[in-house]
Asks: 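Let me give you the structure first, and then I'll get to my questions.
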Amino acid sequence: MKRYSAFAVAREAVRYHQGWERAWASPQPKKRYDVVIVGAGGHGLATAFYLGKNFGITNVAIIEKGWLGGGNTGRNTTIIRSNYLQDPSAAIYEKARSLYETMSQDLNYNVMFSPRGVMMLAQTQSEIRGYERTAHANAYQGVKTEFIGPQRVKELCPIINIDGPRYPVLGALWQARGGTARHDAVAWGYARACSDMGMDIIQKCEVTGVRQNAGKVVGVDTTKGAIDCDKLAIVVAGHSGELAGMAGFRLPMESVALQALVSEPIKPCMDVVVMANTVHGYMSQSDKGEMVIGGGTDGFNNYTQRGSFHHIEETVRALVETFPMISRLKMLRQWGGIVDVTGDRSPVITKTPLGNCFMNGGWGTGGFKSIPGSGWAMAELVAKGEPGPLAAAFGMDRFKEGRFIDESVAAGVAH
Amino acid sequence: MLTLDCPYCGVAAEETELHGGGEAHLKRFGPASSDEDFEGYLFMRENPKGVNFERWRHVNGCGKWFHAARCTMTLEVFGTYSAQTTEPPKALLAKIKKKRPQWPGYGAEK
Amino acid sequence: MSTRLPNAGRLLNRSKAVEFTFNGKRLKGFEGDTLGAALLANDQMMVGRSFKYHRPRGIIASGAEEPNALVNMGQDGRFEPNQRVTTTELFDGLTATSQNHWPSLEFDVGVANNYVARFLPAGFYYKTFMAPRAAWKHVFEPIIRQSAGLGKAPKDRDADRYEHFYAYVDVMVIGGGIAGLQAAKAAGDSGAKVLLVEQTRHWGGRAPVDGAKIDGKPADEWITETLAALAAMDNVSVRTRTMGSGVYDHGYVLAYEQVADHTPGDGRPRHRLWRVRAKQIVTATGAIERPLSFAGNDIPGVMLAGAVRDYAINWGVSVGDRSVVVTNNDDAYRTAITLKEAGLDIPVIIDARAEANGDLPNQARALGIRIETGKAIAKVKGGKRVTGVAICQQAGEGAVLEEIACDSVAMSGGWSPVVHLWSHCGGKLIWDTEQAHFRPDADRSPTGADGAAFVVPAGIANGAMGTADVLVDADKAGKAAAKAAGFTAKRTAAPKAVQVDEAALSPVWIMPQGAGPKARMKMWLDYQNDVKVSDVQLAAREGYESVEHTKRYTTLGMATDQGKLSNINGLAILADSLNADIPQVGTTTFRPPYTPISMGAIAGEARGEIFQPLRKTPIHGWHEKNGVYWEPVGHWRRPYCFQRSGESVEQAVHREVKNTRENLGLLDASTLGKLVVTGPDAGRFLDMMYTNMMSNLKVGKCRYGLMCSENGFLSDDGVVARIDEDTWLCHTTSGGADRIHAWMEEWLQTEWWDWKVYVANLTEQFAQIAVVGPNARKVLEKLGGMDVSKEALAFMEWNEGKIGGFDARVYRISFSGELSYEISVPASQGRAFWDALHEVGAEFGAMAYGTEALHIMRAEKGFIMIGDETDGTIIPQDLGLNWALSKKKEDYLGKRAQQRSHMTDPNRWKLVGLETLDGSVLPDGAYAIAPGNNDNAQRNMVGRVTSTYHSPTLNRGIAMGLVLHGPDRMGEVIEFGKTDQTMVKAKIVDPVFYDKDGEKQNV
Amino acid sequence: MSEAVSALNNASYAGFVEVTEMGLQGMITLRGDLSSAAIKKAVKTAVGVGVPEQRKMAMADGKGAGWMSPDELLLLVPYAQVEKTVTGLQKTLAKAHFMAVNVSDARVMFRLKGAGAREVLAKVAPVDLSSDAFGEGDLRRSRIAQVAAAFWMSGEDEFTLVAFRSVADYVFGVLKIGAQPGSEVGYL
């Protein structure tokens, strides 16, 4: 595969860019693969990539019902951070964040990781205590964060109203190396690299059944025919329940709509990512100049990728109060994604009742930021059949044992 | 923006007057139950694509809990009914079956 | 050049001139102008710069679809970026400046991008800027950010206000053209309640511009009559300046009313956001004309043919003296005819079709206009404005046959129905090969709560292109909607119109057919984002085959116009590149809003003091006047402390603690939850709610109780008082009142509905004041009325009666370890009682204290605090509260959960007291660090601080924390890590630091 | 006893609709089986009207009963008579399972008066307030902007509204903004 570079672009420009080759192949499925991964979103593609890179397993098919990266990977607000409280979360999100640092070079595809810094505002005494606690934990989890005062908040983000009448900003948890990346590019970059390793990405191919024999998966039925496999990895976010249903087991998960919106593009006015959990809203400015805004999830099961407008209203209300200048900006577009949420709002990277079938899901609102770490951990689980340290705590058995990973305790909702 | 008919007030309450309460007709398991049953009760969810039986509270209204049968793919509401029951009314099940012949039926996934 | 025509302009009030400025230039227009029309009338051809290449951009359209002409408008508190000039009503004193250029519109250094455009194809940034790694963040990205973006960011707080409005109708009709008017009429005649909205200030849409005749009258007359008929119906309401911006589930429509955009500062709300619930929605949203893709189709002066016609007829503006018309359909001939009849020069009509013999072409011929069929534009000449066109064969590769001088080009690639609102909620589309556009598929409409269709498309928005068809279709739609809403439509005939017979268009996606790569790099699809034919072809070549991939890779249709002009053309190019049919490729998803709406309107009235409800106790006013430092608790605000002049917050807190311990402290505890639980089964019910027994509590006594979630975790605590045989009063935490009330109702309604219990939340019925300290009894005795002696009212007892003339219930409970009474009086008397306590208590050193003093005093006593010692992951066993877990009860909420293996794990961290060796205060939230790392290379942690304070009483740091095997390690010294990696040594001790035997509270 | 004061002490605002806090008002929450003879009798004796129908407010010379839910009524009596009325209820219902509690001080009551009253309410309540859908005597529990409230039409162009005492300022605030001159909608 030809490498991407400024030189390559210049070379192609001379012949009006007629010479570019496909970023990834679109093959017909083979009869059999060592590993079949269901779901060509960020997590599925990352799982495939690290199966190849870390374990040399390349006889892999990634099967996608729609188009690669067409689900939540392409619908989120692109925030990357690892300032989580609990050890297992901090470990996997920090692994992901550190992999984002070098992703453009590792994939030879510019995913525009921009460590512009993420701040979570503390607007109540209990938030201060929660974030100070997180800062202490992070200090010994290898996650660089600090608790900063209101003046520093104002310096880092001048458009914030730090002394609003209702919730003056009392400080913030600041992660300087958190930031954003170009979400589509993450999927496309992984896809290109996987295709380059000889893996088959099969789009427009829906799994219709999971074929089993003596408690093990032998393959999947798809709209493009039956495909055999030694191991099956299910990485389908909001649709986990459906796939688990086919495989014959239940999950501690529910699928709900998570909404986001963007404003019209304006000249740069905000260099950092700001999350305000007391009032439920978060905002950053994309390279195009749009203010990218996210809020909470709807309160009911929903597969429509449409959300309820009052959630948009609550989020915008909160942000107009926190950033008064956006009042005269306009909402350009709103949309929804379907996220799967578990009983403790933390993900599962887990074995299943079927010996050679593995599941990764339940990322809720934390999906995008975790993609490389999730793929790394999932690849290890699939390759070895047993979870490595990153995945160990995320097994599904924890719900039976009462061994939860609850992030809501400090950071409020985890976006 | 959902509207659900509150069976107690008789109004078409809108989402901002309601509070969703998750899957309906869960059987409570107490101290004598097995780990599996207790886990199932607290965490395992049907989360179906299609007909879903769920709990709602008319919180900005009469304050009463009620049940709804709703499609999670189209958001069609087949009906709402009393919270004081352990399973959906027969008439409602028949109505759904009529509208959705493919539907496996209440509890079929369980 | 573009100028104002004499005595033309049906929407103008020529008698009223209006002054405005553009880039500081003072210009004149008329009442009725849009800013766009007025700019053109002043020959302002170039109005902005494009997003990526900073190419000159002029007005191309006359309505909401305009991608180019966006300006900064207004000043200070009324400054707003990205205002679309084609939909901005002109008003006296309007100020606008152009966007996205430096230093000026005419000379923009950003245009450098244009000269290297060839090196900046779609997605080039995915392939470059990767080395060195740090360069992206520090070099490349800042440059890209600076050159991207459009308008300036507002700086000031918004000077305007906004509001919401709820409306409920049978039929909502969106769009006030002849289709909308007829649909509203037909629906209204049935008696249905109808709301008709139109986004502009004018009714009738394009019909009058196209010279339509309805029932034998000019369109304008018919429109006036129909409006009069609608006005006469009580069941019909109509509103202009109101855009149907989004259709949501269950018939919810968002309508955006621009109340005062054209009269800034007149005291009215600027925008009103309507939330309409409609049983049925008729979308009469018309159609949008498509550009043609030829080289240089983005040069200022190249405009949509329909827009050119609009400017001439509606606003009396000629966009050029010599206009070339280029088309693939008959409709564009209307423009040629209009201009010709206005005395302007039409050097040629370039028609890509092999022949043009319809009525309109023949009219044009009759007027002596030259028509070239089978021809195309090879390229447009000019830079900042059009100077001419080069003509070639449409079938060929672009060999120039002839060059023709002109100062404007009117193009038409056919019309696409506006299907946005149909699609927002899941309506599907079908491809109409004849018209080469997508239109609503009636068999796959959006469905509502009842599973039935709730959106009916009407007129051109439904693909009915001719005037007569439009009216018939709209009439049908209006009646269908009324019927579906439960009404019976009148048997009336649709109005009649003469339909001009138009020949079929021929789909032309690039001009000329065989244009080479170089030319295709100059054919614009998305004008604002600079996406060209070549970019879409590149995306397809590289495998970005899905329309979503192409859109995201090229940014086609992602500009502020959301692809209103570019989507279909882009789609066609993509389909062609993939050798697929357009319907196979499909469209991207249409998302609300139809055009952008202000954040202010979405937020509505909620800002400043009423941004969120603020709950106030009856004593709130006193706090405000006495130096309070607030702490938000839920929607309440509680006094954290009361600062006196020159005092720091910490000094104030310490003063309050000392005074309460030594004299008399008064706490406003009104926010504490007070739930009354009554009924024959109340005791049994509370035994399930609380971990300990409440049914055996004696009347007149109080008991401290714990509540857990069904998942086993501590959720709330408080003192319960037995009022009478059947009645208990349950105190909850301040944050917990509503939550626990709902929690109780949930179990009573959904699990134990046969139990006879009623619960009421009386939190706000009472003001509750804690009277605390050695002098507590003295002040109550001085107030008089109730015997509060040790004998009459022992610790953990309550009594009610009069105190100092107030109706009071007195609980002898203590959260501070001092002699303490919590007294509740009716809220209406709360402030008076508070004042009385201060007055009478003055001699005993009465002093108000806040939540922080409360926290310190409870910590000195080793009492846990929900939200400090607990965080949603803590079970009572962790806190050594096993004494509060009834052994007698076989069940309570949370009991089963607490039997799970991880809950009974001996290695769970347990509550202990902590004392730093050096007397310093442990950092809040600090973790106890043990040697070594875990498998993820994180330091091993064996505990954490849950509460930590400087105790003014003991004058040293005290803390509570959860520590591995803590209770078995009394006296042991462990290390807590600071964020700077240094350690603090602390000794594990009993959590009760003060008055272990409780002598002080029992006096 | 000392002077009792209501949340906003009769504060009032005159916009295109007049918004007034009604001062001290006796209010009793009565829960029980509304279909039972005992409750019917008790309500009649307490406030002189029958048990109201679903979503109705029944008033008679200064007293009344409002339908709050299938097992809850809001009884209105003069502030001074609350305790007496509650004791009365307890006597008449002694044998029944019921609850009667004084909530006068836990609530605040507002009155909206004027031709635009429907519109001011329609800005903050997701309820069809058109004359054909909501008339005199109709009652609805819903929300006012961000807080729960109950309101009923207490006369021509007049609504009475009850909310929690602690948010009296907030409710007054949103109603005032909605009633500001220049904010007339001209729809209802």
Side-chain angles (χ1 to χ4, degrees), chain B residues 1-26 28 52-93 95, chain D residues 27 29-35 51-57 65-74 97 99 101 103 106-107 121-130 132-135 137-153 161-164 167 170-171 174:
Chain B
M1 289 293 279
L2 303 183
T3 44
L4 298 174
D5 294 331
C6 172
Y8 299 101
C9 290
V11 298
E14 82 150 27
E15 212 176 301
T16 62
E17 298 176 293
L18 299 166
H19 167 74
E23 186 172 326
H25 308 306
L26 295 170
R28 178 171 186 262
N52 190 43
F53 294 88
E54 55 199 18
R55 310 185 319 143
W56 290 87
R57 186 183 184 209
H58 193 187
V59 57
N60 284 318
C62 64
K64 297 303 182 195
W65 283 90
F66 62 89
H67 286 129
R70 186 180 58 89
C71 175
T72 59
M73 303 291 285
T74 65
L75 307 194
E76 174 175 5
V77 179
F78 302 102
T80 58
Y81 54 99
S82 161
Q84 285 85 48
T85 173
T86 55
E87 60 183 31
K90 296 274 167 295
L92 178 58
L93 295 176
K95 178 184 172 191
Chain D
M27 295 184 238
T29 289
L30 175 65
R31 295 190 64 182
D33 173 1
L34 302 188
S35 60
V51 170
E53 291 165 32
Q54 188 185 50
R55 300 199 321 276
K56 294 284 178 187
M57 166 59 71
W67 189 95
M68 293 282 121
S69 90
D71 65 359
E72 179 180 343
L73 298 179
L74 178 67
H97 167 46
M99 168 185 256
V101 286
V103 294
R107 307 270 188 274
L121 210 47
K123 293 177 184 186
V124 287
V127 174
D128 185 353
L129 289 160
S130 55
D132 48 332
F134 205 95
D138 283 343
L139 175 151
R140 175 76 184 254
R141 284 179 81 178
S142 181
R143 61 178 174 88
I144 293 297
Q146 301 173 55
V147 297
F151 50 81
W152 60 91
M153 207 162 176
L161 182 155
V162 171
F164 285 106
V167 292
Y170 172 79
V171 173
V174 294

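Small disclaimer: the values here were computed from a predicted structure and weren't measured.
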Asks: Is it the side chain or the backbone of B:Val59 that comes within 4.5 Å of chain D heavy atoms, both, or neither?
Replies: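 For B:Val59, there is no contact with chain D at all, as no heavy atom is under 4.5 Å.
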Asks: Do NZ/NE/NH1/NH2 and the carboxylate oxygens of D:Glu72 and B:Lys64 come within less than 4.0 Å?
Replies: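 No salt bridge links D:Glu72 with B:Lys64.
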Asks: Does CD in D:Glu53 sit with more than 12 non-hydrogen atoms of other residues, nucleotides or ligands closer than 6.0 Å?
Replies: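 Atom CD in D:Glu53 is not crowded, with 12 or fewer foreign heavy atoms closer than 6.0 Å.
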Asks: Output yes when a side-chain donor or acceptor of D:Arg143 lies under 3.5 Å from a complementary backbone atom of B:Glu17, and no otherwise.
Replies: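 Answer holds: no.
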Asks: What's the separation between atom CZ in D:Arg140 and atom CG in B:Asn60, rounded to the nearest 0.5 Å?
Replies: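 Answer rounded to 0.5 Å: 10.0 Å.
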Asks: Rounded to the nearest 0.5 Å, what separation is found between the CH2 atom of D:Trp67 and the SG atom of B:Cys9?
Replies: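 Reported to 0.5 Å precision, the distance equals 4.5 Å.
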Asks: Between B:Glu14 and D:Val127, is there a donor-acceptor pair closer than 3.5 Å when you use the side chain of the first and the backbone of the second?
Replies: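 Checking the backbone N and O of D:Val127 against the side chain of B:Glu14, no donor-acceptor pair under 3.5 Å is found.
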Asks: Go through D:Ala149, D:Pro70, D:Ala150, D:Ala148 and name the one with the most non-hydrogen pairs under 4.5 angstrom from chain B.
Replies: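 Looking at each option in turn, the highest pair count goes to D:Pro70.
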